[in-house]
Participant: 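My questions all concern the structure below.
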Amino acid sequence: MPLVLYNTMTRRKESFEPLDPDRVGMYVCGPTVYDRAHIGNARPVIVFDLLYRLLKRLYPNVVYVRNITDVDDKINARARDNGEPIAALTARTTQAFHEDIAALNALPPDVEPRATAHISHMIALIETLLARGHAYEAEGHVLFSVPSMADYGQLSRRSQDEMIAGARVEVAPYKRDAADFVLWKPSSDDLPGWDSPWGRGRPGWHIECSAMSKEYLGITFDIHGGGQDLVFPHHENEIAQSVCAHGQPFARYWLHNGYLMVEGEKMSKSLGNFFTVRDLLDQAPGEAIRLAMLSTHYHQPFDWTAEGLRQARATLDRLYLALRNTAEIRPKGRDNLPIEVLAALKDDLNTPLAIAHLHDLAGNLNKATKPEEKAKWKGALLACGDVLGLLQQDVEAWFRWTPAGGTELTDEAVDALVQRRIEARAAKDFAEADRIRKELADHGVLLEDGAGGTAWRRS
RNA sequence: GGCGCGGUGGCAGAGUGGUGAUGCAGCGGACUGCAAAUCCGCGUACGGCGGUUCGAUUCCGCCCCGUGCCUCCA
């Protein structure tokens, strides 16, 4: 049962066979650090985190590289608007990014290279492209010559004629060909810049990924991922740069997550449906956001909705309840991922199917009567959680989560009321017991009387 | 205009050439002081029209609808 991945380059599912099974390399395009991560940024983070977890389970050594783009015109513009130094903006935003995605249970990549720390690598790459006749200088810029690459456009399946016909942006006069793109551009004194053979300047958008992927993964490596919107021009141009510079293949498998929409519409600030990850973490646990994202296959368009988030929370309630109801059982076989779930994930990360199996496991756990059966199903459920990045937290912590600025009762106040109700029930004062239940319910706290006492959770 | 992606039951969302996942919501039952949770049972869905086939939601064609990209947005 091989790992099968949908390769954008070939537009079909392919068996994944790493170049070197002892060192699997994956490069994913990371954030441009000028603002808080939004919900659309979260999808590739979560999707490729899952792939990373799966790869680590299948191969002994996986190197996951996700860059930080900390030189960019949007950064420059934002720093100017904020009246703060660029370095302060990028440092602050990078830290916020790390906090946000950690809350989504995304593991840190093995390497997280920053563009500004690799300028010399980019310059060297550009020099190679110039030397090989794939780039040219013009008015302080260095441009990649698209016509110099015979098979440009393979990934996005565009012919150069089409691109010219469809071009709707005014072509800079110094470009020899409308499709040529910038490798290096001049910087004025008020902008970030580095000395180069072409004067003080800064890199174009695409070159950093070509330079840094080679640095950490080599010229040819296994997997390159990102959002579908990066297929063109970003990934296409990365391929052009890397292949033309090195004369060898670049990434072998290209994976792209589908677009994200919000309540059926494109997310945009003007529509008022623009959410940052931070906004959502105030409303729901990060784990619920993660599960919501994984409820749709990564390749499909994903529609972010309040209802979807509610369902994700309900699903996690169900799974955590199965764990809570067997709190006294020590799980067994947690290292053994159930075969159905492994098979689902190995089939191009079929997370919806894997989640369906999670429900089966929870059902089995709920139905089990013998302790050894419970231990087995509980271990299986937790094993799935480990690879999916779910069910990692303390069960009670899950049920006690409160939204930011919530006016709910404190945990202590709930405990005190629960205790009073226990006493009322012991005295057969069911009117008082029901009154307390009602009072708690009005504050979003649900009670569950079980054999082992009364448990509560916030709804 | 060019190049893509998608349309599955009330909702979300897998999957498959023929015994039609899973969850949420809903209904009925068991259990419970009452609940909740849990368990049991219940829903003949696959955008439209053709074609191939013994048989299509699944393959092919056309159409309709939604959505994305087309040089710096994950």
Side-chain angles (χ1 to χ4, degrees), chain A residues 8 11 28-32 37-48 69 72-74 144 146 153 156-159 161-172 175 178-182 185 204-206 225-234 236-237 256-261 264-268 292 295-297 299-303 305 307-315 317-319 321-322 324-325 344 347 350-360 362-363 365-367 425 428-431 433-434 437-438 441 446-451 454-457 459:
Chain A
T8 306
R11 306 285 161 105
V28 176
C29 291
T32 299
H38 63 252
I39 187 70
N41 300 121
R43 173 121 105 140
V45 168
I46 291 168
V47 164
F48 290 103
T69 299
D72 178 274
D73 287 352
K74 286 192 297 297
F144 183 91
V146 168
S156 56
R157 304 207 170 181
R158 287 159 205 260
S159 74
D161 293 344
E162 284 163 5
M163 286 183 288
I164 293 164
R168 60 182 184 189
V169 171
E170 197 175 333
V171 177
K175 286 188 182 181
D180 293 348
F181 56 91
V182 171
K185 54 189 166 187
W205 177 32
H206 316 296
Q228 203 149 40
D229 55 325
L230 293 181
V231 171
F232 187 87
H234 184 53
E236 197 69 78
N237 290 348
H256 293 95
N257 60 275
Y259 306 111
L260 180 133
M261 304 202 302
E265 293 182 299
K266 180 177 180 175
M267 179 171 72
S268 74
S295 298
T296 297
H297 184 89
H299 204 251
Q300 298 275 83
F302 178 81
D303 192 13
T305 62
E307 171 60 17
L309 181 59
R310 188 200 64 76
Q311 282 209 18
R313 289 192 69 176
T315 296
D317 278 341
R318 173 172 150 82
L319 300 179
L321 276 167
R324 176 191 250 182
N325 291 338
D347 183 11
N350 191 338
T351 49
L353 186 57
I355 292 165
H357 290 311
L358 238 53
H359 283 288
D360 286 343
L365 177 56
N366 287 332
K367 277 178 277 194
R425 290 182 73 212
K428 304 281 186 204
D429 184 355
F430 294 121
D434 289 349
R437 178 200 292 288
K438 175 75 164 52
L446 302 179
L447 298 184
E448 283 160 14
D449 297 326
T454 296
W456 61 268
R457 60 190 170 106
S459 58

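Just so we're on the same page: letters track the sequence lines, and every chain starts at 1.
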Participant: I'd like the P distance from B/U16 over to B/C70, given in whole Å.
Facilitator: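 Roughly 32 Å separates the two P atoms.
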
Participant: Look at all strands and tell whether A/Asp303 reaches a base, only sugar-phosphate, or nothing, counting heavy atoms closer than 4.0 Å.
Facilitator: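 No contact at all - A/Asp303 keeps every heavy atom at 4.0 Å or more from the nucleic acid.
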
Participant: Heavy atoms from C-beta onward define the side chain here; which of B/A37, B/C72, B/G33 lies closest to that of A/Trp205?
Facilitator: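 Nearest listed nucleotide: B/C72.
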
Participant: Check this for me: does the side-chain of A/Arg310 come within 3.5 Å of the base of B/C24 through a donor and an acceptor?
Facilitator: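 By the distance-only test, no, there is no pair.
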
Participant: Look at the side chain of A/Gln228 against the base of B/G68 and say whether a donor-acceptor pair falls under 3.5 Å; ignore hydrogens and angles.
Facilitator: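 No.
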
Participant: Quote, to the nearest angstrom, the P distance that separates B/U67 from B/U8.
Facilitator: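 About 14 Å, rounded to a whole number of Å.
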
Participant: Is A/Asp229 touching bases, backbone alone, or none of the nucleic acid, heavy atoms closer than 4.0 Å?
Facilitator: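 The residue A/Asp229 makes base contact.
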
Participant: With a 4.5 Å heavy-atom cut-off, do A/Asp73 and A/Lys185 have their side chains touching?
Facilitator: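 Result yes, sub-4.5 Å side-chain heavy-atom pair found.
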
Participant: Report yes if a donor N or O on one partner sits less than 3.5 Å from an acceptor N or O on the other, where the partners are the side chain of A/Asn350 and the base of B/G15; otherwise report no.
Facilitator: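 Side chain to base: no pair below 3.5 Å.
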
Participant: For A/Phe430 and B/G33, are the ring centres under 5.5 Å apart with planes inclined under 30°?
Facilitator: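 Yes, the aromatic ring of A/Phe430 stacks with the base.
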
Participant: Of the options B/C72, B/C39, B/G6, whose atoms approach the side-chain atoms of A/Val182 most closely?
Facilitator: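 So the side chain of A/Val182 is nearest to B/C72.
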
Participant: Can you tell me if A/Thr296 touches the phosphate of B/G13, counting only side-chain N or O atoms and a distance under 4.0 Å to OP1 or OP2?
Facilitator: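 Affirmative; the distance criterion is met.
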
Participant: Taking only the side-chain heavy atoms of A/Asp360 (C-beta and beyond), determine which of B/U22, B/U71, B/C24 contains the nearest atom.
Facilitator: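 In terms of side-chain proximity for A/Asp360, the closest of B/U22, B/U71, B/C24 is B/U22.
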
Participant: Has the side chain of A/Asp449 got a donor or acceptor atom that lies under 3.5 Å from a matching backbone atom of A/Thr454?
Facilitator: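 Flag not set: sc A/Asp449 to bb A/Thr454 has no pair under 3.5 Å.
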
Participant: Which of the following nucleotides, B/A74, B/C72, B/C5, is nearest to the side chain of A/Lys185?
Facilitator: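 The answer is B/C72.
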
Participant: Find which nucleotide of RNA chain B each of A/Lys74 and A/Glu448 is nearest to by heavy atoms, and output the residue with the more 5' nucleotide.
Facilitator: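 The residue whose closest nucleotide sits nearer the 5' end is A/Glu448.
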
Participant: From B/C34, B/C39, B/U71, pick the nucleotide closest to the side chain of A/Arg318?
Facilitator: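 It is B/C39.
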
Participant: Between B/G26 and B/A37, how far apart are the two P atoms, rounded to whole Å?
Facilitator: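 Going atom to atom, P in each nucleotide, I get 10 Å.
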
Participant: How does RNA chain B read in dot-bracket, base by base from 5' to 3', with Watson-Crick or G-U pairs under 3.5 Å and | used when the partner is on another strand?
Facilitator: (((((((..(((.....[...))).(((((.......)))))....(((((..]....))))))))))))....

Participant: Contact class for A/Leu446 vs. all strands (heavy atom < 4.0 Å): base, sugar-phosphate, or nothing?
Facilitator: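 It contacts nothing in the nucleic acid.
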
Participant: Within the structure shown, what part of the strands sits under 4.0 Å from A/Gly308 by heavy-atom distance: base, sugar-phosphate, or nothing?
Facilitator: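 Since no nucleic acid heavy atom lies under 4.0 Å of A/Gly308, the category is nothing.
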
Participant: Quick one, A/His359 and A/Thr315 - any side-chain contact, counting heavy atoms below 4.5 Å?
Facilitator: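 A/His359 vs A/Thr315: side chains touch.
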
Participant: Could you work out the separation of B/A14 and B/C24 based on their C1' atoms and round it to a whole Å?
Facilitator: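 After rounding to an integer number of Å, I get 15 Å for this pair.
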
Participant: Side-chain contact test, heavy atoms from C-beta onward, threshold under 4.5 Å: evaluate it for A/Arg318 versus A/Asn366 and give yes or no.
Facilitator: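 Yes, at least one pair of side-chain atoms sits under 4.5 Å.
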
Participant: Once you apply a heavy-atom cut-off of 4.0 Å, does A/Ile355 come out as touching a base, just sugar-phosphate, or nothing?
Facilitator: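 Nothing: the residue A/Ile355, judged by heavy atoms under 4.0 Å, touches no strand.
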
Participant: Looking at the side chain of A/His297, which of B/A14, B/C34, B/U71 is the nearest nucleotide?
Facilitator: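 Selected nucleotide: B/A14.
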
Participant: So what does A/Gly363 hit on the nucleic acid, given a heavy-atom distance under 4.0 Å: a base, only sugar-phosphate, or nothing?
Facilitator: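 Sugar-phosphate contact only - A/Gly363 comes under 4.0 Å of backbone atoms but never of a base.
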
Participant: Are any non-hydrogen side-chain atoms of A/His206 and A/Glu236 less than 4.5 angstrom apart?
Facilitator: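 Result no, sub-4.5 Å side-chain heavy-atom pair not found.
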
Participant: Are any of A/Asn237's side-chain N or O atoms less than 4.0 Å away from OP1 or OP2 of B/C72?
Facilitator: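 Checking B/C72 against A/Asn237, no side-chain N or O comes under 4.0 Å of OP1 or OP2.
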
Participant: Provide the distance between the two C1' atoms, one in B/A25 and one in B/C65, to the nearest whole Å.
Facilitator: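 Comparing C1' positions in B/A25 and B/C65 gives a spacing of 27 Å.
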
Participant: Within the 4.0 Å heavy-atom criterion, would you say A/Lys438 contacts the bases, only the backbone, or no part of the nucleic acid?
Facilitator: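 Nothing, no nucleic acid heavy atom in range.
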
Participant: With no hydrogens and no angle check, is any side-chain donor or acceptor of A/Asp347 less than 3.5 Å from a backbone partner on A/Ala344?
Facilitator: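 It does not hold such a pair.
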
Participant: Side chains of A/Arg313 and A/Arg310: closer than 4.5 Å at any heavy-atom pair?
Facilitator: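 Result no, sub-4.5 Å side-chain heavy-atom pair not found.
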
Participant: If you measure from the P atom in B/C59 to the same atom in B/C69, how many Å do you get, rounded?
Facilitator: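 B/C59 and B/C69 have their P atoms separated by 27 Å.
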
Participant: Among B/A14, B/G23, B/G6, which nucleotide has an atom closest to any side-chain atom of A/Pro301?
Facilitator: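 Closest nucleotide to the A/Pro301 side chain: B/G6.
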
Participant: Reckon A/Arg437 touches a base, only the sugar-phosphate, or nothing at all at heavy-atom distances under 4.0 Å?
Facilitator: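 Counting heavy atoms under 4.0 Å across all strands, the contact made by A/Arg437 includes a base.
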
Participant: Which part of the nucleic acid, if any, lies within reach of A/Asn366 when heavy atoms closer than 4.0 Å are counted: base, sugar-phosphate only, or nothing?
Facilitator: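 If one applies the 4.0 Å heavy-atom cut-off, A/Asn366 turns out to touch the sugar-phosphate alone, with no base involved.
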
Participant: Counting side-chain heavy atoms from C-beta on, which of B/U22, B/G33, B/A21 comes nearest to A/His359?
Facilitator: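 Taking heavy atoms from C-beta onward, the closest nucleotide is B/U22.
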
Participant: When the C1' atoms of B/G6 and B/C46 are compared, how many Å lie between them, rounded to an integer?
Facilitator: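 Their C1' atoms lie roughly 14 Å apart.
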
Participant: Decide yes or no for A/Cys29 and A/Leu230: does some side-chain heavy atom of the first lie under 4.5 Å from some side-chain heavy atom of the second?
Facilitator: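 Yes, close enough: below the 4.5 Å cut-off.
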
Participant: Do A/Phe302 and A/Asn257 come close enough that some side-chain heavy atom pair is under 4.5 Å?
Facilitator: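 Side-chain contact under 4.5 Å: no.
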
Participant: Could you please name the option among B/C24, B/C34, B/A14 that lies closest to any side-chain atom of A/Gln300?
Facilitator: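 Out of B/C24, B/C34, B/A14, the nucleotide with an atom closest to A/Gln300's side chain is B/A14.
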
